[in-house]
Amino acid sequence: MRWWAGVGTLAGTVLLVACGGAAGSPSGRVSASASDSGTVPSAGNCGAGHAEVAVAPGDAPRRELCVRPGTVVSLLLEPRVDDKRWTGVRSSAPAFAVASGWRLDADGTAHASLRCAGTRGGRTVVTVTAKAPDVAGAARVAFTLDVNVVPYPERG
């Protein structure tokens, strides 16, 4: 791990704790302001700058995430326990959050990077697909992240 990645991770963790983000997923990784409860986090709890969402086997297949404009979201998708493998990430509204990076490690761990809109606010649905490598057909949605980009308040 490069030193700057460790510093960035530490800074992101401190930011999340200070902003009241979720303490973590069952895997022990930080889940920045992600909500499994189905309720939209308030604008006061929105992450800014960098957010990390870790998905482990057994986690909820759908989460909500509240972020500020310009936030970079890192998805860490741990290896699946079934015969399926992560295949890709897609945003329903690239104007609000665009998938800007994808990497699949040899052990089955996938990394995705999402860049949120710089000034606009809105909602988008980010889906991650998976499929068995030896089975023909299209990959199916295995994880969904509802991203709510909340703009900063304007000066009055």
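A quick note: this is a predicted structure, and the numbers were derived from the prediction, not measured. Sequence positions, counted from 1, serve as the residue numbers for this chain.
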Considering all heavy atoms of both residues, which atom of [X] and which atom of [Y] are nearest to each other, and what is their separation?
X: Ala51; Y: Thr71; value: N-CG2, 4.1 Å
X: Leu104; Y: Gly108; value: CD1-O, 3.8 Å
X: Gly88; Y: Trp102; value: N-CZ2, 3.5 Å
X: Asp107; Y: Pro79; value: O-CG, 3.5 Å

Arg63/Asp146 salt bridge by N-O under 4.0 Å criterion: no
When rounded to the nearest 0.5 angstrom, what distance separates [atom1] in [X] from [atom2] in [Y]?
X: Arg85; Y: Asp134; atom1: CZ; atom2: CG; answer: 9.5 Å
X: Leu77; Y: Asp105; atom1: CG; atom2: CG; answer: 10.5 Å
X: Trp86; Y: Glu78; atom1: CH2; atom2: CD; answer: 10.0 Å
X: Leu65; Y: Cys46; atom1: CG; atom2: SG; answer: 8.0 Å

Contact check, side chains of [X] and [Y], non-hydrogen atoms, under 4.5 Å:
X: Val150; Y: Arg68; value: yes
X: Leu76; Y: Thr109; value: yes
X: Ser91; Y: Val98; value: no
X: Val73; Y: Val147; value: no

Heavy-atom donor-acceptor pair, Arg80 side chain to Pro57 backbone, under 3.5 Å: no
Donor-acceptor pair, side chain of Thr87 and main chain of Thr129, under 3.5 angstrom: yes
Within one Ile-Leu-Val-Met-Phe-Trp-Tyr cluster: Val89 and Val72, side-chain cutoff 4.5 Å: no
Short side-chain donor-acceptor distance under 3.5 Å, Ser74 and His111: no
Side-chain donor-acceptor contacts of residues 112-122 below 3.5 Å, not counting sequence neighbours, with atom names and distances?
unit_1	atom_1	unit_2	atom_2	d
Ser113	OG	Ser100	OG	3.4

Quick one: side chains of residues 138-145, donor-acceptor pairs under 3.5 Å with protein atoms, not counting sequence neighbours, listed by atom name and distance.
none

